[in-house]
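For reference, positions follow the sequence shown, starting with 1. Here the structure is a predicted model, which is why all the values come from computation and not from measurement.
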Amino acid sequence: MTATPSSTLPPDELAESLFQPQYQPLLRAILDNAAEGLAVADAKGQLLYFNDTARKILGVGLVADAPEVWSDRYGVFLPDTVTLCPSERLPIYRALHGEQSPEEDLFMRNATHPEGRHVHSIARPVRDSKGNILGVTLSLRDTHEQRMAEADQRRTELRFQLLVESAQEGLWTVDVSGHTVYANRYLCQMLGYTVEEMLTKALFDVICPDDIPLMHQYVEDRRQGRSAVLNDFRLVRKDGSVLWTLVSTGPLYDETGKYIGAMAMITDISQRRQAEEQVRQLNAELERRIAERTAQLEFSNRELEAFAYSVAHDLRAPLRSISNFTLALSEDCADKLDATGQDYLQRIRASSQRMAELIDGILALSRVNRTEFVETDVNLSGISRSISEQLQRWQPERTVRFQLQDGLVDRGDSQLLRLVLENLMGNAWKFTREKPVAEIQFGTLPETGSGRVYFVRDNGAGFDMEYQRKLFGVFQRLHTQQEFEGNGVGLATVQRIIRRHGGRVWGEGRVGQGATFFFTLHEPAAPAAPPVASAAGGH
């Protein structure tokens, strides 16, 4: 019966008992199943033992599988001829020469690992009681995946560094105290420092003094975990000049979530600021010129108004004299004048009255631009109905059918818009007097998304579209005074009022078939030509 070592034996005797033959399978099993690769060589470097882990790491089999490997001194550790590794570097060789715990990171290739693998090796010499080297024990650890991961990390870091260094934006990180931790070359070039100089700078060393109080608030925001974008932020270059920048900044934390500083991306906006300054200067110059031109225009308008009133005042007196004397002649000297003389007097009197009407028209037209513009909500339907009732009262004997659209309200000056409708509806009333049944309409076209279009339509005398361009000229008339009375300033007045309301006006007509006048209010941009609108049955 085999003796079992007692746990009460002294350690030396217990260790000695483990080397008895009956315990060798146990020791072999312990070595074979060790998590670390283990190998043993004799004093000549001849390999005596590999455990399973070591064979897997090195990619070698048993002695029976590859006796040439086992018989070759150090052979299993030599790399291929592509990557030379002299035997003097091998841990076994160095351990056999008495070095204490030599370590080496090896890269070896063989048939099992043709791509090569990284292995970390530690060799320890084994000596007898007299100090003579009996052999070497070798610990092996597979570091290939670790080394590959480290290489991938280095490549990633290198790519990141190349990306950061090649960026056309300034990148800057500072620690909790505001000292520079990193600055890429682009930022250093923007500020005129070398990388080494920039690493000695703190946050407030390169900030414009006027912006330092603002930066204190931003720093506190970073500590609270808030990011920010700083527009038109000023930094100071090495030469003292100011650099206008756009800064996007945010906090930095370590793996535990502790605040360790801040990072900022900095864009040079000096050219943009320069362009904005040029635009501001141009706008200021433009505003100055507009103010000058406006003042000149106002002066010219005042001069024209003064001239118009002066002419009107100077002309009225002789016109009154002409009218009064012709009236006196026709009354006092009627028996002394024949029919021809009486006709001449009537013509002179009619011309003087016509001249007085033209003067009144000029004054009315000048008042359109001079009148103060008061914008309110204007009930255009109500105004049109009031005008139609007034026209009907003047000539109750006429048969006129009015079609007035309800609910039309728009923004504008009520007095001026009433004057527009009075002129347009008054013209429609005048030019339909030859019709046994006159028709006058006021409304809007169907909306198409481009804004509301108003119209006043009648079935009266109409006009030839060939002369359309003369419609809105002062004193321009398409009918003679004998056909239809008028002074030629009504449509010119309408056009000026509509322009003051940011709109446009145009007319369409056919001779003998009526006319339609269209107008808009508050158009964002008036088109070059009016849209084609249907004028069937009128204008």
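- Checked for salt-bridge contact, R273 and E277 miss the test: no charged N lies under 4.0 Å from a carboxylate O.
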Check against side-chain hydrogen bond (donor to acceptor under 3.5 Å, both in side chains), Q146 and E150
CA-CA 6 Å; Q146 176 185 344; E150 291 173 353; 3.1 Å; yes
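- Between W172 and T180, some side-chain heavy-atom pair lies under the 4.5 Å cut-off.
- At a cut-off of 3.5 Å, with distance as the only test, no side-chain donor of Q296 or E292 sits close to an acceptor on the other residue.
- Side chains of E287 and N283: a donor-acceptor N/O pair is absent below 3.5 angstrom, by distance only.
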Between F233 and M215, does the side chain to side chain contact (heavy atoms under 4.5 Å, CB included) criterion hold? Intermediate values first, please.
CA-CA 10 Å; F233 196 77; M215 179 51 67; 3.3 Å; yes
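- Other residues, nucleotides and ligands contribute only 12 or fewer heavy atoms inside 6.0 Å of the CE atom of M263.
- Counting heavy atoms from C-beta on, the side chains of E36 and L140 never come closer than 4.5 Å.
- For the atom pair I57 CD1 and R141 CZ, the distance stands at 9.5 Å (nearest 0.5 Å).
- Considering only heavy atoms from C-beta on, L419 comes within 4.5 Å of I497 through its side chain.
- Residues Q405 and L408 meet the side-chain proximity criterion, which asks for heavy atoms closer than 4.5 Å.
- Expressed to the nearest 0.5 Å, how far CG of D142 lies from CZ of R147 amounts to 11.5 Å.
- Ring geometry, W506 versus F518: the interplanar angle falls under 30°, so the pair is classed parallel (tilted spans 30 to 60°).
- Atom CD of E285 is surrounded by more than 12 heavy atoms from other residues, nucleotides or ligands within 6.0 Å.
- Side-chain atoms of I207 and R234, non-hydrogen and from C-beta on, never get closer than 4.5 Å to each other.
- Heavy atoms of other residues, nucleotides or ligands lying less than 6.0 angstrom from CZ of R288 number more than 12.
- Contact of the L171 side chain with the M265 side chain is registered, since non-hydrogen atoms from C-beta on lie closer than 4.5 Å.
- Environment of CZ in R293: sparse, with no more than 12 heavy atoms of neighbouring residues, nucleotides or ligands closer than 6.0 Å.
- The shortest side-chain heavy-atom distance between L38 and T53 does not fall under the 4.5 Å cut-off.
- One finds no salt bridge joining E197 and K201 here, because no Lys/Arg side-chain nitrogen approaches an Asp/Glu carboxylate oxygen to under 4.0 Å.
- The line from OG of S139 to NE2 of H120 is 9.0 Å long, rounded to the nearest 0.5 Å.
- Taking the six-membered ring for Trp and the full ring otherwise, the centers of H216 and F204 sit less than 6.0 Å from each other.
- Between I498 and H501, the closest side-chain pair of non-hydrogen atoms is not below 4.5 Å.
- Around CZ of R237, the count of heavy atoms belonging to other residues, nucleotides or ligands within 6.0 Å exceeds 12.
- Look at R504 and E523 and you find a salt bridge, because one of the NZ, NE, NH1 or NH2 atoms lies within 4.0 Å of a carboxylate O, short of that distance.
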